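Quick notes on the structure that follows.
Note that the structure is predicted; figures quoted are calculated from it, not measured.
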Amino acid sequence: MEPIIEIRSLSKSYGNFSALNNVSLSIQKGAIFGLLGPNGAGKSTLIRILSCQSRPTSGHAYISGLDVVSDKKDVLSIIGVVPQENSFYEELTVSENLMFFGSLYGIPVIEIKKRSHKILALLHLDEKSQSPASRLSGGMKTRLNIACALIHKPGVLILDEPSVGLDPVSRKALWDTIRTVNDEGTTILITTHYMEEADLLCDRLLIMNRGKIVIEGNPEELKNMAGERTILITSTPGNYQAVKGKVESLKAVVSCSTSEKGLKISLRDELPLQAVLDVFESAGESIKNVESGAPSLEEVFIQVAGEAWH
Ligand SMILES: Nc1ncnc2c1ncn2[C@@H]1O[C@H](COP(=O)(O)OP(=O)(O)OP(=O)(O)O)[C@@H](O)[C@H]1O
Ligand SMILES: [Mg+2]
């Protein structure tokens, strides 16, 4: 495995405020790398630096060995960027947009036509090639935004929250598109707030908070890092509110919440389940069901990023 993106001690400050703080990271060629973190964590700041839209205050970032500051022009020719806001022209047709972006890269017209054909088929936009972009649905606009970023066959595709506003079907179609682009050899860097997307689409994940890296790993590793599991206990008479306080005071219980179904408890692995069951028993509850779940990425995210609000 060889890294295609190398980030070394990268920092970005706005006045006294540190939006990125000494971030170092390698992204392997061929990866689908997910960048996660709460609002304001520094994800877009990092992406803007990698896509040459903003300069770091200190440190370096390289894409295919090219410095994003001093080799900006060359970097721009090997990356495709899908910003959060659509970058195409509403008044141009789908094909005209691709022609425009292709010509920005100096690609010959005949070649742009050939590539457009392929990209529009890939993104299921071929039927809309002659439609003005303004008349596309939201999901189609997202796909056109991606198409425009692919016209110069970039080795790295960077997407900032591409699935915002997409319905579940369109979101899954977007994942398929990203996987297909990745299968053809393009490394993907994507930010998202959807944990399901991160879990199912990405092979590597990074959670940032307040400009720093919190944890990095594949989705399974991240879930295991939480060292927590969740159990749902259903009992009769089901006076969960009364049991909750006592369960919460157990040392290894991380959090506890009541629902119609029962008492949901997040606990660290070292706590024997029996200790929890004893609390139920001593409160006069008889256990009906114990459901045990693996920690989800969402729980890990809340655990590591939750303190952002405090
Ligand atoms: N031009 C700027 N001037 C001052 N502060 C900025 C500027 N750009 C970003 N910031 C600050 O840097 C921090 C990181 O912002 P950034 O946009 O990178 O967050 P993010 O992780 O992308 O968040 P979100 O999930 O909400 O998109 C925020 O506190 C933001 O207010
Ligand atoms: Mg952002």
Side-chain angles (χ1 to χ4, degrees), residues 4-5 32-33 35 44 46-55 61 63-64 66 68-69 71-166 170-171 173-192:
I4 192 163
I5 300 179
I32 302 186
F33 194 98
L35 202 50
S44 296
L46 180 57
I47 277 187
R48 277 198 300 273
I49 294 174
L50 291 176
S51 52
C52 311
Q53 298 164 59
S54 162
R55 281 167 165 251
I63 300 184
S64 290
L66 300 164
V68 296
V69 177
D71 305 317
K72 178 173 172 175
K73 205 164 164 249
D74 292 331
V75 169
L76 289 176
S77 72
I78 58 164
I79 64 170
V81 184
V82 183
Q84 223 176 309
E85 312 74 40
N86 292 332
S87 51
F88 54 77
Y89 291 93
E90 294 271 345
E91 61 278 19
L92 298 182
T93 67
V94 167
S95 285
E96 285 165 349
N97 266 297
L98 290 179
M99 188 56 74
F100 172 77
F101 282 95
S103 60
L104 283 186
Y105 290 100
I107 306 168
V109 170
I110 187 104
E111 181 66 22
I112 299 176
K113 282 190 177 157
K114 244 174 34 196
R115 289 190 200 177
S116 298
H117 194 68
K118 201 177 153 218
I119 292 171
L120 293 181
L122 173 73
L123 293 168
H124 306 291
L125 277 175
D126 27 6
E127 280 177 15
K128 297 286 176 182
S129 65
Q130 301 312 314
S131 304
S134 58
R135 286 196 213 142
L136 299 179
S137 75
M140 290 172 188
K141 286 183 179 179
T142 302
R143 282 182 265 155
L144 176 57
N145 213 23
I146 297 174
C148 294
L150 288 174
I151 194 72
H152 59 300
K153 293 188 182 164
V156 177
L157 184 65
I158 301 175
L159 309 106
D160 199 355
E161 295 189 42
S163 45
V164 169
L166 296 187
S170 302
R171 191 168 297 153
L174 174 71
W175 300 347
D176 284 340
T177 304
I178 291 175
R179 286 190 192 110
T180 308
V181 172
N182 179 249
D183 284 344
E184 292 183 354
T186 304
T187 304
I188 310 285
L189 174 60
I190 177 172
T191 73
T192 179

Looking only at heavy atoms, what is the nearest atom pair of Val75 and Cys52, with distance?
CG1-SG, 3.6 Å
Please round to the nearest 0.5 Å and tell me the distance separating atom CD1 of Ile158 and atom OG of Ser51.
5.5 Å
For the atom pair CG (Asn97) and CE (Met99), what is the distance rounded to the nearest 0.5 Å?
11.0 Å
Verdict with reasoning, Lys118 to Arg115, per side-chain contact (heavy atoms from CB on, under 4.5 Å)
CA-CA 5 Å; Lys118 201 177 153 218; Arg115 289 190 200 177; 5.7 Å; no
Donor-acceptor pair, distance only, cut-off 3.5 Å: does the side chain of Ser129 make one with the backbone of Leu125?
no
Taking the side chain as C-beta and beyond, is there a heavy-atom pair between Lys114 and Glu111 under 4.5 Å?
yes
Strictly distance-based, threshold 3.5 Å: is any side-chain N or O of Ser163 a donor or acceptor partner for the main-chain N or O of Leu166?
no
Between atom CD1 of Ile178 and atom CD1 of Ile190, what is the distance when rounded to the nearest 0.5 Å?
4.0 Å
On a heavy-atom basis, which atom in Leu98 and which in Ile112 lie closest, and how many Å separate them?
O-CG2, 3.7 Å
Minimum heavy-atom separation for Phe88 to Cys148, with atom names?
CB-SG, 4.1 Å
Return yes when atom CD of Glu91 has more than 12 non-hydrogen atoms of other residues, nucleotides or ligands closer than 6.0 Å, and no otherwise.
yes
Is there side-chain contact between Asp74 and Ser64, with at least one heavy-atom pair below 4.5 Å?
no
Around Lys153, counting heavy atoms of other residues, nucleotides and ligands shown, do more than 12 lie under 6.0 Å from its NZ?
no
Val94 versus Lys128, closest heavy-atom pair with distance:
CG2-O, 3.3 Å
Is it the case that more than 12 heavy atoms not belonging to Phe100 sit under 6.0 Å from its CZ atom?
yes
Start with the C-alpha gap between Ile146 and Leu174, add the side-chain angles, then the distance that decides, and say whether side-chain contact (heavy atoms from CB on, under 4.5 Å) holds.
CA-CA 10 Å; Ile146 297 174; Leu174 174 71; 3.1 Å; yes
Within a radius of less than 6.0 Å around CZ of Arg55, do more than 12 heavy atoms belonging to other residues, nucleotides or ligands occur?
no
Would you check if the side chain of Ser54 reaches a backbone N or O of Ile49 as a donor-acceptor pair within less than 3.5 Å?
no
Minimum heavy-atom separation for Thr180 and Leu122, please, with both atom names.
CG2-CD1, 3.2 Å
For Pro154 and Ala149, which heavy atoms make the closest approach, and how far apart are they?
CG-O, 3.4 Å
So how far is it from Ile4 CD1 to Thr187 OG1, rounded to the nearest 0.5 Å?
4.0 Å
What orientation do Tyr105 and His152 show, parallel under 30°, tilted 30 to 60°, or perpendicular over 60°?
parallel
Under 3.5 Å: donor-acceptor pair, side chain of Asp160, backbone of Gln84:
no
Value for CD1 (Ile32) from CH2 (Trp175), rounded to nearest 0.5 Å, stands at 11.5 Å
Quick one: does Asn145's side chain have a donor or acceptor within less than 3.5 Å of a partner on Pro83's backbone?
yes
Value rounded to 0.5 Å, distance of NZ in Lys141 from CD in Glu85
14.0 Å
side-chain contact (heavy atoms from CB on, under 4.5 Å) between Leu76 and Lys73, intermediate numbers included:
CA-CA 5 Å; Leu76 289 176; Lys73 205 164 164 249; 6.0 Å; no
Compare all side-chain heavy atoms of His124 with those of Met140 and state whether any distance is below 4.5 angstrom.
no
